[in-house]
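Below is one structure, written out as structure tokens, with a few remarks after it.
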Amino acid sequence: MSIALSGTAPAVRRPRTRSGLRRFTREQPLGAIALFLISLFVVVAVLAPWIAPYDPLAQDRVNILTGPGVGGHPAGTDELGRDVLSRSLYGARTSLLIAVATLALGGAIGLVVGVVSGYFGGTWVDSILQRAMDALMAIPSIVLLLFVAALLGPSVRNTVIALSLLVIPSINRVARGEMLRIREEPYVEAARSVGCGTPRILIRYGLPNLMAPLFVMGSLLFAVILIAESALSFLGIGTPPPTPSWGRMLSEGRSQLEIAPWMTVVPGLILSISVLAFNLLGDAMRDFLDPKQRR
Amino acid sequence: MPHLNPRLTRRQTRTAGAALAAACLALTAACSGADGAASGKGKIVEDAGPPQDGGILHTAATADAPSLDIQKEASYMTHVAVGSVYSRLVAPKTGKDIAYGSSDLEGDLAEKWSKSKDLKTWTFNLRQGVTFHDKPPVNGRELTSADVKCTVDRIKSLPGHQLGLVANVAELQTPDPYTVVFTLTSANTAFDQTMANPFMAILPCEGTKGEFNLAEDAIGTGPFMLKSWKRDQERVLEKNPDYFVEGLPHLDGIQTTVLPDAQAQIAALRSGKLDMISSLSTEKRQVDQMLKQIDGLQLRTEKGITQTRVFMNAEKGPFSKLEVRRAVAHAIDKEGMIKALRSGGTLTGPITPTLFGAMPQDEVDELLEYDPEKAKELLAEAGYPDGFSAELVATDGYGETILREAQWVQEDLAKIGIDLTIDQQDYATYVSSTWPETKYDIMYGLQTPMLTADEYLTSEYTSTGTRNWSKVNDPKLDEMVAAQRVLTDDAEREKALQDIERYIMENVSTPLPLYAYDTQTLYSGKVHDYFPHPDYSTRELQDVWMEQE
């Protein structure tokens, strides 16, 4: 029954080919640069063990707080003699791991809540779910984060849980809004008329059509998570020592800012560039995917 | 600190310092860790003239006191908070000509004191006319010997390690309002030292009877009165106008802000919001940097008395094997640690090097020798040739340096195959549960300095010790500790104490002392006559005064 219908649904399979990427590059040059930087970030994160010149935990006790280039450390060492560059590269790994896990966990929950809520928009199901989300959003995010992280104690897993709470409401809102639109679309009505069940409609027709705005949201949230994770680690309740994390490196470097600025500058710079790249990509994708901006 | 540029005028020194600082900023990489000592900065002004009255001393604490109950609470933070509110019978002398950590005593509430020939009866004669702070429900009444009795009775009724201090008091008599007579169950040559312990603050009977809450208020006879306490925010002390020492204190008050972050404290000192920071964790490099930048800043460096410790659970888990604990002792590069992370320090046995009974330094150095090969052998002997994994507990409540040191220990133990993950805990959990309830396998932290050899040995290393939080249980050691207490000959006792320490290092090895680190206090140029004592009672603040504009 759905063979004919799936062909009529306009956005189920838009072919993503090389030409799409080329058009993106042409229309959104800044976005392309951001995409390149993000790819670089991912590559570094994945290949950190092969790229990094040193073990990020190894303490070179002959070279403590030595400057860039001294003792074979390209970006200097920290107060325990650990290589700052290696730690920064591995920090990308920690950040990526946490951001992906958070987006997967928070995104999945937010998506389910949003899609269900949107499909049943206006009913009691929608009201209950959205009021719960309102409650979550009403608490200032940093307060919520601090509360949860302090309650659970510092660990990578707990950081992911805390950060997920930040992601869930945002993803939920976008998914719900899209779903409210989609459920009025003729192809959903058609699916319903031939007797498709709710789960099938949601998964087969709902999800694929609301992914585009979610990608934009995801990219922007990625940047938020990077910052939030660093903030938590900076405050000592995020990634526990000695795991290299940009936030913790910044916090450790702060006490040495005047005598060993490289400890702060290197991770700080990488963090800033990564966050900027994700924001730029998010903006570029929004413009690119918005049909109204298209000629 | 020696003044190396005596011929430079103050302005010249300042210019030189500024130029050096500027050069440093320009060439940060080149002169990392340049020493401020060379510029002669940080010198303590000793001839500031006659003391002036007035002024509020603004200072900071890295963590607040868990409660204000000076006897129930094990944390030294409590002593720092309200030590100057109370008085003791006797107290350690402090002053310009008194060495730091000296055990010389002077009368505090007691005018004079004496001991009987058999060392079992100690008589203290109290000053007359000493009044408590004028706060309800005590309302400034006179202190009498009854208050001393109330206090000692209370300590005896409290659970906890303080009991160890008065455990051998058989009877306390108060023949008249100004005389207190202690009868001891066994001879004690240094009972006056016990009474000088900061835990021996004399409380009013109203407090011991529960007429006000000792955990939230403090009413004593000390130089300062507690005006207000906002937990984890600030403590305000004001001058006691009726203090029994004429002319003291000089300060109108002391305001302590709780600033857990060392960097925030430094920033506040820079901007003049604080007059003094006692740095638990400030590193040498950073102190040097500040001395270069802040004009007139005074630095007081004292030989260390606070021990860094590795606590290992002797009862269960992999560290219950002696060989493992001894392997840990040899696996850690303490000298490297001091050099990299502290401004200075001395390796120590169970008894801090500055105290009577401490082992000769060369023996300590040998017993704690950094020897990873030997550590590996010991580990293999214990049945762990390939090592094992465990959790290392540490708290951020002592400042950042402790966490760095924990990572240093982690790395050193990884080298012999002990794979540790760090469990970072908040100070409250650490000090009130994890530590006293021995909820750890291995832990890195500090030990509040104790004031006598006996206190260290009895409270921490005997099976019934009140701070035996590593679960040590060694009957032979118990006997040795009890035996030294009745020795009256100093030479004999010193030898006995050292034998015990050697025994502990070789046969117990937990809590494993690593080193006593040097402490630094930084204070503004207008603060004078600060002569601290390691007992944390802060009584010395009665002598501090500030230049008035």
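In what follows, every heavy atom counts, from backbone to side chain, and hydrogens, waters and symmetry copies are set aside. Computed from a prediction, not measured in an experiment: that's the story for all the values here. Order of the sequence lines sets the chain letters (A, B, ...), proteins ahead of strands, with each chain counted from 1.
A:Phe41 and A:Trp246 have tilted rings, their planes meeting at an angle from 30° to 60° on a 0 to 90° scale.
Chain B forms the most heavy-atom pairs under 4.5 Å with one residue out of A:Gly76, A:Ser251, A:Pro241, A:Ala58, and that residue is A:Pro241.
Using a 4.5 Å cut-off between heavy atoms, A:Arg61 touches chain B through its side chain atoms alone. Proximity to chain A involves both the backbone and the side chain of B:Asp412, based on heavy atoms less than 4.5 angstrom apart. Contacts of B:Gln425 with chain A are absent, with no heavy-atom separation under 4.5 Å from either backbone or side chain.
For B:Arg270, the CZ atom sits in a packed shell: over 12 heavy atoms of surrounding residues, nucleotides or ligands are nearer than 6.0 Å.
Within the 3.5 Å criterion, the main-chain N or O of A:Gly81 finds no donor-acceptor partner in the side chain of A:Gln59.
Between A:Val167 and A:Leu221, the shortest heavy-atom distance links the atoms CG1-CD1, 3.9 Å.
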